[in-house]
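Here is how names work: the chains are called A, B, and so on, in the same order as the sequence lines, proteins then strands, and each is numbered from 1. Source: prediction; values computed, not measured.
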Protein chains: 2
Amino acid sequence: MSPKLNRQSRVSDIAKALGVSPTAVSFALNDKPGISTKTRERILAAIAEINWSPHYAARALSDGRTSTIGLVIARSPKAVGSEAFFMQFMTGMQAKLSQRGYGLLFQVATSLERECVIYEQWADQHRVDAVAVVDLHRDDPRPRLLKELGLKAVIAGEKSSLLPSVYIDDKVVMEQMLTHLEERGHKHVTYVAGNKQLRHVSQRAQVALKRRGPKVEVEYTDYTAEQAAAAVRKQLTGTGPTAYVFDNEALTIAGVQTLREAGAQIGRDVAVASLEDSLTCEAMSPPITAIHRDTYRFGEAVADTLLAGEETEPFDLSPRLIERDSTKTVFD
Amino acid sequence: MSPKLNRQSRVSDIAKALGVSPTAVSFALNDKPGISTKTRERILAAIAEINWSPHYAARALSDGRTSTIGLVIARSPKAVGSEAFFMQFMTGMQAKLSQRGYGLLFQVATSLERECVIYEQWADQHRVDAVAVVDLHRDDPRPRLLKELGLKAVIAGEKSSLLPSVYIDDKVVMEQMLTHLEERGHKHVTYVAGNKQLRHVSQRAQVALKRRGPKVEVEYTDYTAEQAAAAVRKQLTGTGPTAYVFDNEALTIAGVQTLREAGAQIGRDVAVASLEDSLTCEAMSPPITAIHRDTYRFGEAVADTLLAGEETEPFDLSPRLIERDSTKTVFD
DNA sequence: CTGAAAGCGCTTACAG
DNA sequence: CTGAAAGCGCTTACAG
């Protein structure tokens, strides 16, 4: 190959050095028809040899595609939420995206409104090809906004009439849990839930309230330890429940502490379970029964849908209940 | 303002509608001198009104700046490492970056070699303005590579002779911990460490081994539960230590389980502490003594250094030991 | 199958 | 202080 070439070269340099046209180089690079196999291979070999990649902005400007997917997470500093979930989700997404040469642009927002502003800017700037939307709310403004902006999007975790989605059946999660508790003889269960505005939370609550069998009370929180503790304390007055179900790790930890302070022995006097599994559930004593899901694979599925285009697919996160000592006692 | 303008407009449209040149619009947009205050304000008002942002790729192509910072994390699926750490770190970085209009491009790599390939591609593509480098190894190839590539970078967590860094004094962490254990009367401590190749791990180990006072043994692991358990079991044969120090949450959890299975009562028969604090340390029973650090603020500092340019600054993550029941007993 | 040329939408010397 | 023009480095009709 020509010694003049290096990774700083432009396609015109490469074309010149190889005695072909820039068009030919571009066709080879983008796997487009229009050049002979021989030419293509010669070009690709030269490119591979000097370890060259095309200028990102130039490519994006001319073909209009950015090869990047955006993800914004709206979370307040207080309600840190489930960090493990997001890290696993992002890692799963990213693994699939990078296989196809896509990048993941990550942003945090302090509110849903700020998140919407970010989408507007991204759309104006042609900053991303598409976005993944998480934590759908009731009356969520995002699907409509994204539709209006013409920004491709996939709703992660919920169904949407406006946009493709990778849908998880969250009802199953609550049903599995209540079935388990029912088998243990519980007649009165308290569900210490997260933000009522979140669709998956209200879905779980609905299942819990409609369910025949154990009587379920729902206490909504903002995911802080304070509100979890308050919810548990409230339930402790009067004839409290024999089992508590918490929405995630943070609530579980806070709830268990409050129960202990009140003198309850977890797993004996009262059952405790979490709808989100984690290392912590395993590590606590007693270990906490939880619903385990493959969040990494969920991230992969969202990325696949994003790259595939318009198709909506139901997705089986195959939640499975992992029984641990915190719910082993049978009540009657 | 002209009704023809909308967010799809280009600077030439805006210029035409306002009766100014594209140059004037660009100057207003980029806060450059060369236009009258009046003109500037008129342009900015028009832009604000239609909520317009310039085309990202076009701007990047012409001024050569991408306004994005890259972060690649090399982690194997097995060694999930400290998810909370990365999430907090990224969130802190992102908060600062977005204030200045910068995005964070996130990528996972399966190995250090793959990480290097990503940097090469990013450099070729002019994909990012700079990168943050985490988890520095001994004989790490990345600083030299990045220097060669001319890719701006900041080393997060370690000093570097080649590149600016936001340096944490990791020795202090181990010293604080050993001082605490010494005060509790421990004469024999085992440090269940992470990957020996990681600089912060070997630094901690060095401090531990050199330290006068308690005798410290070091067991390296790959952060998996299996190796943590093996390390603890090995120490249990013979005259085991009276205290264990674990590098992070995952190791702590696995180690505590192993100690329990061996019949030890944590906090009484044996002391346990973690060099990384987490909700889990708080939630376990007994709660685990740990070193707490403000990872979010660390991320902010790294972002600041990235944006500021070349300066290297020492950074005080103000690690503080949080004493909990797992080390409360005094040995003698 | 190939090449010369225009175009993507900005920024920035350069000349007025 | 302002405007016409070139240029960033690709891709892609378009004509051969």
Side-chain angles (χ1 to χ4, degrees), chain A residues 5-44 46-47 50 52-68 101 121-129, chain B residues 5-44 46-47 50 52-68 101 121-129:
Chain A
L5 293 182
N6 59 50
R7 52 201 333 160
Q8 318 274 2
S9 305
R10 285 155 294 134
V11 331
S12 61
D13 298 330
I14 296 172
K16 209 168 294 170
L18 297 179
V20 300
S21 70
T23 309
V25 176
S26 179
F27 281 0
L29 206 54
N30 297 295
D31 208 33
K32 295 241 165 95
I35 51 175
S36 66
T37 308
K38 203 170 163 176
T39 307
R40 183 185 307 279
E41 280 169 1
R42 203 157 62 88
I43 295 171
L44 290 178
I47 287 175
I50 60 171
W52 181 88
S53 295
H55 191 292
Y56 170 75
R59 166 178 271 193
L61 179 57
S62 33
D63 77 0
R65 298 184 305 113
T66 64
S67 299
T68 114
Q121 289 175 345
W122 280 354
D124 287 2
Q125 299 171 176
H126 298 257
R127 187 74 174 81
V128 296
D129 290 341
Chain B
L5 294 182
N6 59 51
R7 53 202 329 159
Q8 317 273 2
S9 305
R10 285 155 295 135
V11 331
S12 61
D13 298 330
I14 296 172
K16 209 168 295 172
L18 297 179
V20 300
S21 70
T23 309
V25 175
S26 180
F27 283 1
L29 206 52
N30 296 296
D31 208 32
K32 296 240 165 94
I35 51 174
S36 66
T37 309
K38 201 169 162 178
T39 307
R40 183 185 306 280
E41 280 170 359
R42 205 158 61 88
I43 294 171
L44 290 179
I47 286 175
I50 60 172
W52 181 88
S53 297
H55 191 291
Y56 170 74
R59 163 178 274 193
L61 178 58
S62 32
D63 76 1
R65 299 184 305 112
T66 64
S67 299
T68 113
Q121 288 175 346
W122 279 355
D124 286 2
Q125 299 170 174
H126 298 255
R127 187 72 174 83
V128 296
D129 290 341

Student: Which nucleotide of DNA chain D is the first, and which the last, in the 5' to 3' direction, to come under 4.0 Å of a heavy atom belonging to chain A?
Tutor: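 For DNA chain D, the relevant span reads D/dG9 to D/dA13.
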
Student: Between A/D129 and A/R65 (side chain of the first, backbone of the second, donor and acceptor by atom type, cut-off under 3.5 Å), is there such a pair?
Tutor: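 Not at all, since once roles are kept as given, no pair shorter than 3.5 Å links the two residues.
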
Student: Given the rule that a pair is Watson-Crick or G-U wobble with both distances under 3.5 Å, how would you write DNA chain D in dot-bracket, using | for pairs to a different strand?
Tutor: |||.||||||||.|||

Student: Going by heavy atoms in the side chains, are A/Y56 and A/T68 under 4.5 Å from each other?
Tutor: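 Contact flag for A/Y56/A/T68 side chains = yes.
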
Student: Quick one: salt bridge (Lys or Arg N to Asp or Glu O under 4.0 Å) pairs with a partner in residues 52-61 of chain B, sequence neighbours left out?
Tutor: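 Applying salt bridge (Lys or Arg N to Asp or Glu O under 4.0 Å) to every pair that reaches into residues 52-61 of chain B, excluding sequence neighbours, yields nothing.
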
Student: Pick the closest DNA chain C nucleotide for A/T23 and for B/S26 by heavy atoms, then say which residue is nearer the 5' end.
Tutor: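 The residue closer to the strand's 5' end, by nearest nucleotide, is A/T23.
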
Student: Thinking salt bridges, do B/D124 and A/R7 make one under a 4.0 Å N-O criterion?
Tutor: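 Yes, charged N to carboxylate O under 4.0 Å.
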
Student: Salt-bridged, A/R10 to A/D13, with N to O below 4.0 Å?
Tutor: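 Salt bridge: yes.
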
Student: For A/L61, which contact category applies under a 4.0 Å heavy-atom criterion: base, sugar-phosphate, or nothing?
Tutor: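 The answer is base, as A/L61 lies within the cut-off (heavy atoms under 4.0 Å) of a base atom.
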
Student: What integer number of Å spans the C1' atoms of C/dT12 and C/dG16?
Tutor: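 Approximately 16 Å lies between the C1' atom of C/dT12 and that of C/dG16.
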
Student: Please figure out whether A/D63 or B/S62 has its closest DNA chain D nucleotide nearer the 5' end.
Tutor: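 Mapping each residue to its closest nucleotide by heavy atoms, the 5'-most match is B/S62.
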
Student: Quick check: do A/W52 and A/I14 have side-chain heavy atoms less than 4.5 Å from each other?
Tutor: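 Yes, close enough: below the 4.5 Å cut-off.
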
Student: Under 4.0 Å, counting only non-hydrogen atoms across every strand here, what does B/T39 touch: a base, just sugar-phosphate, or nothing?
Tutor: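 Since only primed, P, OP1 and OP2 atoms lie under 4.0 Å of B/T39, the category is sugar-phosphate.
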
Student: What's the shortest heavy-atom distance between A/L61 and B/H55, and which atoms?
Tutor: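 Minimum heavy-atom contact is CD1-CE1, 3.9 Å.
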
Student: How about A/S26 and A/T23: does a side-chain donor come under 3.5 Å of a side-chain acceptor?
Tutor: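 Note: A/S26 and A/T23 side chains miss the donor-acceptor criterion.
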
